[in-house]
Undergrad: 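Got a structure here, written out as structure tokens. Questions coming.
In the text below, chain A, chain B and the rest are named by the order of the sequence lines, each starting its count at 1.
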Protein chains: 2
Amino acid sequence: MSTGVDELDRMAASRLSSDGQRYTANRRALVAVLREADAPLTIPQIIERRSTLATSSVYRNLDLLERAQVVQRVVTNDEWVRFELAEDLTGHHHHHLVCNGCGLVLDFELTSRFEQSIDEHLEAVAQEHGFVPHLHRLDLVGLCKDCSPPPHPEAALR
Amino acid sequence: MSTGVDELDRMAASRLSSDGQRYTANRRALVAVLREADAPLTIPQIIERRSTLATSSVYRNLDLLERAQVVQRVVTNDEWVRFELAEDLTGHHHHHLVCNGCGLVLDFELTSRFEQSIDEHLEAVAQEHGFVPHLHRLDLVGLCKDCSPPPHPEAALR
DNA sequence: ATTTATGCAAATCGTTTGCAAACCT
DNA sequence: AGGTTTGCAAACGATTTGCATAAAT
């Protein structure tokens, strides 16, 4: 179903090489961290998980991996840029739940039927504006379980 | 149909005052610039349009106007935060076409029927994750008319 | 050998903050 | 007068860049 580890590495290597770039140890490490994560990671989070990585190399390599379409950038309302593996590498087109409280970003998927419906609507809009569609982005912004006030505070006190 | 200028000012004033804040000349200027714009503006764009505004005041007042729900922040993939009037002030819930070439952000609207359909789908997802939905965000990312290569380059040369 | 990648430190640049003067009410 | 807002300049912090070393081909 989902892409295997070695297959992922092969695909990443192939995309980098068509971009004239090498798949170095640092770049492998970035792909591995992102594969292990279940949500898009900020740069500090990436460095926490692979403390040998130099900050500047992380920035440089994420840019490079983004240009090669191996990873993609996720922006939310908080000050951190996050990164995740490119959707067509993982095979999972997905969207994000974004918590306004703690900044958490969770992935979710919609039915392909509904995705198709979204694309049809957006296609029409794009045409009206002479816009060439590339991808859509649908996020749900709100409060996660931990950040939302409990429904019955008095009950929690008993 | 859409909110009138003075009505907009009244609503802005009222939201600020329930927040214990004044509707000063600088804040009026920000609301006016955003009302005059047809797309979300970056801070440099705002200052260009009202050159008397001090940078620090623009930042401080946009934060304050955002907390009072008079304006809202729009993030795209580029390095600039943009601001627009809060949707419920203008009465137009809308989405954004984001150009990957020049950073342009255009507003568009979907049918209310489709908006409702989106909300239903997202509501279900939110419930699964114990998430309290606040708003959704649906952008179409691609290339605008000016940034997309012409369909028939040779025709353009004649 | 030559090119490319890395790590460190310094520079950059959007944003935030301290503070004294101007502005309300 | 008392509290708030403003503008300037300095501080901040995430990101970028310069450069000398290390690694890859």
Undergrad: Go through D:dT6, C:dG14, D:dA14 for me and flag the one nearest to the B:Y59 side chain.
TA: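 Selected nucleotide: C:dG14.
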
Undergrad: Closer to the 5' end of DNA chain D via nearest nucleotide, is it B:L53 or A:E79?
TA: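 Nearest-nucleotide comparison on DNA chain D picks B:L53.
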
Undergrad: Is it the case that C:dC8 (base atoms only) and A:S56 (side chain only) share a donor and an acceptor within less than 3.5 Å, ignoring hydrogens and angles?
TA: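 Donor-acceptor pair under 3.5 Å: yes.
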
Undergrad: Verify the distance criterion only: is there a donor paired with an acceptor across the side chains of B:N26 and B:T24 at less than 3.5 Å?
TA: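 No, B:T24 and B:N26 have no side-chain donor paired with an acceptor closer than 3.5 Å.
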
Undergrad: Can you list the residues that meet the salt bridge (charged side-chain N to carboxylate O under 4.0 Å, His left out) rule with B:D63, with sequence neighbours excluded?
TA: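 For B:D63 the salt bridge (charged side-chain N to carboxylate O under 4.0 Å, His left out) partners, ignoring immediate neighbours, are B:R73.
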
Undergrad: Cut-off 3.5 Å, side chains only: do A:E109 and A:H95 have a donor facing an acceptor?
TA: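 The criterion, which ignores hydrogens and geometry beyond distance, is not satisfied for A:H95 and A:E109.
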
Undergrad: Quick check for you: among D:dT15, C:dT4, C:dT16, whose closest atom lies nearest to any side-chain atom of A:R22?
TA: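 Nucleotide nearest to A:R22's side chain: C:dT4.
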
Undergrad: State which of C:dG7, C:dG14, C:dT17 makes the closest approach to the side chain of B:R60.
TA: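 So the nucleotide nearest the side chain must be C:dT17.
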
Undergrad: Going through the distances and angles, do A:R15 and A:D88 end up as a salt bridge (charged side-chain N to carboxylate O under 4.0 Å, His left out)?
TA: CA-CA 12 Å; A:R15 289 183 186 202; A:D88 62 333; 2.9 Å; yes

Undergrad: Want to settle it: does B:R73 or A:A25 sit nearer the 5' end of DNA chain C, counting the closest nucleotide to each?
TA: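 First, find each residue's nearest nucleotide; the 5'-ward one identifies A:A25.
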
Undergrad: Just the rounded figure in Å: distance from P of C:dA5 to CG of A:N61.
TA: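 Rounding to the nearest Å, CG of A:N61 and P of C:dA5 are 8 Å apart.
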
Undergrad: What's the angle between the local helix axes at either end of the helix from C:dA1-D:dT25 to C:dT25-D:dA1, using five pairs per end and rounding to 10 degrees?
TA: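 Here the local axes at opposite ends form an angle of 30°.
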
